[in-house]
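Below are the structure tokens for one structure; questions will follow.
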Amino acid sequence: MRYCSKCLQPDTRPSIVFDAHGVCPACRFAEAAGDIDWALRHRELEKIAAFGRARNTSGYDCIVGVSGGKDSTRQAMFVRDELGLNPLLVCCSYPPEQLSDRGARNISNLVSLGFDLATVSPAPQLWKKLLRYGFIRFGNWTRSTEMALYASAPRLAIAYQIPLIFLGENPAITVGELATGSVTGDANRMKHANTIAGGPESLGLTPEEAERLFWYNYPPDEDMEMAELRIVYLGYYIEDFRKRENAEFSMAHGMEVRSDPPEDIGDITGHEALDEDFVIPGQMMKHLKLGFGKVTDQVCEEIRLGRMTREEGKRLVRLYDGKCAQKYLDRFRNYMALSQHEFQAVLDRYRNQEIWRRGPDGNWELSADFDS
């Protein structure tokens with residue numbers, strides 16, 4: 001593994017490319033942030049808002065996809081209170097077995113702040129089957145669920161004739177995933193990015209299963225063009241749209257966070273992915289496959305902002321990245337109805353032995369040299 005010479009971004013992230021100086025795209029974007037004309041961007045955003053108002057035939061100017069977490073709470077309130085738009089919030093809800101009580105309270109809190117909410121709840125049985133497929137066949141349970149999470153808003157936008165959708169951050173800018181096809185506020189190519197690219201057909205389903213995938217399939221390009229659908233990364237236009245700032249804003253407006261220690265959840269803030277707990281073994285699985293988890297992303301943002309040194313970031317990554325308490329593994333395994341042997345076989349199969357090695361005590365160790 002190679003790491004960005006400025007932050008701790010690894011070269012194992014899908015679609016990441018370092019420049020000739022060993023620097024990742026996210027660090028280069030962060031370096032250029034001081035030259036951004038935020039007033040110009042705000043004027044561009046006002047034109048986008050005007051686009052939504054001018055095409056309002058439903059009573060709603062736009063759609064904001066929400067979970068009740070830090071980013072979506074801030075987005076919803078910014079769109080309403082700063083841009084003066086009337087948004088319809090859209091939540092693609094996890095099944096009851098997966099949705100956390102915290103997540104239910106947070107989405108209720110967001111509604112209590114004065115918003116209309118439309119909830120999409122794909123059939124739990126098929127959801128579980130697809131999740132299990134993703135875990136076993138790809139070592140990634142979110143492969144199907146992210147398809148539904150990202151497809152639900154444009155599906156409803158077309159159905160309700162609301163041609164403007166706001167998403168949060170542009171991953172190309174914040175983590176360097178350039179496969180999104182945009183380094184601006186344009187999010188219309190989001191469906192070609194990483195996990196959701198290719199749609200549910202990539203899961204290798206039976207014809208009978210494929211017929212039930214309406215909520216997992218992004219609308220066809222011709223439908224989006226006919227609807228004049230415009231999808232926008234709102235974070236591109238907000239100067240302080242960042243993990244910590246969004247969390248502080250949302251907590252001040254009633255959002256509930258995690259109280260677990262970082263060694264149990266592989267998360268040093270407790271502010272992220274609050275609506276369900278399978279994200280914790282999911283990040284552990286990513287750590288096995290790619291050598292990094294959520295803590296890497298958290299410290300990289302702080303390093304780029306000058307709020308953390310690279311040395312402190314190394315310490316936190318070594319201590320907490322990819323950590324997952326047994327109780328979360330057990331709940332995840334039981335949800336998928338896998339035996340301990342079957343579950344462990346998947347973990348072993350997807351452990352990337354190009355970056356993991358056995359230590360003197362027989363335990364696995366990540367071959368990580370942050371300065372290589």
Side-chain angles (χ1 to χ4, degrees), residues 13 64-76 89-110 127 131 134-135 139-150 152-153 167-169 171 174-175 177 193-196 235 241-251 254-290 292-302 316-317 320-325 327-329 331-332 335-336:
R13 182 185 291 279
V64 180
V66 300
S67 67
K70 60 179 177 49
D71 295 340
S72 60
T73 297
R74 188 168 187 204
Q75 288 172 67
L89 308 188
V90 173
C91 175
C92 182
S93 180
Y94 291 104
E97 289 179 271
Q98 186 174 355
L99 180 67
S100 68
D101 292 343
R102 179 197 319 104
R105 289 192 292 269
N106 280 339
I107 197 70
S108 295
N109 173 69
L110 184 50
W127 179 281
L131 183 152
F135 176 69
N140 180 6
W141 69 261
T142 67
R143 194 174 180 93
S144 60
T145 63
E146 287 190 356
M147 293 173 190
L149 291 171
Y150 282 104
S152 54
L167 301 181
E169 63 182 22
T174 57
V175 297
E177 289 188 356
N194 198 7
T195 314
I196 61 176
F241 193 87
R242 305 165 187 145
K243 297 179 187 298
R244 184 197 298 182
E245 283 79 359
N246 290 356
E248 290 173 350
F249 175 92
S250 299
M251 290 165 65
M255 184 188 76
E256 180 182 333
V257 300
R258 297 180 185 274
S259 58
D260 313 67
E263 60 267 25
D264 282 359
I265 58 174
D267 178 343
I268 58 174
T269 68
H271 299 160
E272 299 192 52
L274 302 173
D275 47 352
E276 58 88 41
D277 293 331
F278 294 169
V279 64
I280 303 168
Q283 288 292 310
M284 184 202 76
M285 192 73 184
K286 185 171 79 171
H287 195 242
L288 296 181
K289 293 173 62 180
L290 302 175
F292 73 98
K294 186 180 295 296
V295 176
T296 291
D297 288 336
Q298 292 172 334
V299 303
C300 281
E301 179 169 279
E302 292 299 294
L316 293 170
V317 166
Y320 303 122
D321 217 16
K323 298 298 184 184
C324 178
K327 64 181 179 180
Y328 295 118
L329 287 175
R331 184 169 164 231
F332 180 56
Y335 176 78
M336 294 185 294

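Position 1 is the first residue of the sequence; numbering continues from there. Below, all heavy atoms of this structure are taken into account, side chains as well, without hydrogens, waters or symmetry copies.
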Can you measure from CG (N109) to CD (E256) and round to the nearest 0.5 angstrom?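 Between N109 CG and E256 CD, I get 9.5 Å after rounding to 0.5 Å.
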If you define the side chain from C-beta out and look only at heavy atoms, does anything of D297 sit under 4.5 Å from R13?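 Answer yes - side chains close enough.
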Gap between atom CD of E302 and atom OG1 of T269 - 0.5 Å precision: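 CD of E302 is found 9.5 Å from OG1 of T269.
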Interatomic distance, CE@M251 vs OG1@T73, rounded to 0.5 Å, equals 12.0 Å
Check whether any side-chain heavy atom of L274 sits under 4.5 Å from a side-chain heavy atom of M255, and report yes or no.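 When only atoms from C-beta onward are counted, M255 and L274 do touch, with a gap below 4.5 Å.
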Among V90, L167, L89, which residue satisfies the side-chain contact (heavy atoms from CB on, under 4.5 Å) criterion with V64?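 When V90, L167, L89 are each tested with V64, the side-chain contact (heavy atoms from CB on, under 4.5 Å) holds only for L89.
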Quick one: CD1 on I265 to CD on E263, what's the gap to the nearest 0.5 Å?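 Going from the CD1 atom of I265 to the CD atom of E263 covers 9.0 Å.
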Do Y335 and L131 come close enough that some side-chain heavy atom pair is under 4.5 Å?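 Heavy-atom side-chain distance check passes, below 4.5 Å.
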Assess whether side-chain hydrogen bond (donor to acceptor under 3.5 Å, both in side chains) is satisfied between T296 and D321, documenting all intermediate values. CA-CA 7 Å; T296 291; D321 217 16; 2.6 Å; yes
More than 12 heavy atoms of other groups within 6.0 Å of K243 NZ: yes
Over all heavy atoms of both residues, which pair between E245 and R242 is shortest? Give the atoms and the distance, please. OE1-CB, 3.2 Å
Between F332 and F135, what is the ring plane arrangement, given parallel below 30°, perpendicular above 60°, and tilted in between? perpendicular
Kindly indicate whether the side chain of K289, heavy atoms from C-beta on, has any atom under 4.5 Å from the side chain of N140.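 In short, these two side chains touch, coming nearer than 4.5 Å.
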Test item: Q98 and W127 side chains (from C-beta on) under 4.5 Å apart, heavy atoms: yes
Heavy-atom pair of closest approach, residues C92 and S152: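 Minimum heavy-atom contact is CB-OG, 3.5 Å.
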Applying the side-chain hydrogen bond (donor to acceptor under 3.5 Å, both in side chains) criterion to D267, which one of K294, Q298, R258 satisfies it?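 Exactly one pass, corresponding to Q298.
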Set out, in order, the CA-CA distance, both residues' side-chain angles and the distance that settles salt bridge (Lys or Arg N to Asp or Glu O under 4.0 Å) for E301 and R244, then state yes or no. CA-CA 10 Å; E301 179 169 279; R244 184 197 298 182; over 6 Å; no
Closest non-hydrogen atom pair, G69 against S250: O-OG, 4.1 Å
In the structure I gave you, are the side-chain heavy atoms of F241 and Q75 within less than 4.5 Å of one another anywhere? yes
Which heavy-atom pair separates A247 from H271 by the least distance, and what is that distance?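 It is CB-ND1, 3.2 Å.
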Between N106 and G254, which heavy-atom pair has the shortest distance, and what is it?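 Closest pair (atom of N106, atom of G254, distance): OD1-O, 4.3 Å.
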Would you call D275 and L99 a side-chain contact if the rule is heavy atoms closer than 4.5 Å? yes
So how far is it from M285 CE to W141 CH2, rounded to the nearest 0.5 Å? 13.0 Å
Non-hydrogen atoms of A76 and L110 that approach each other most closely: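 Shortest heavy-atom contact: CB-CD1, 4.2 Å.
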Spacing of I268 atom CD1 and Y320 atom OH [to the nearest 0.5 Å]: 9.0 Å
Applying salt bridge (Lys or Arg N to Asp or Glu O under 4.0 Å), run through R102 and D277 and close with a yes or a no. CA-CA 10 Å; R102 179 197 319 104; D277 293 331; 3.8 Å; yes
Would you say L149 and T142 make side-chain contact, with heavy atoms under 4.5 Å?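 Not touching, per the 4.5 Å side-chain cut-off.
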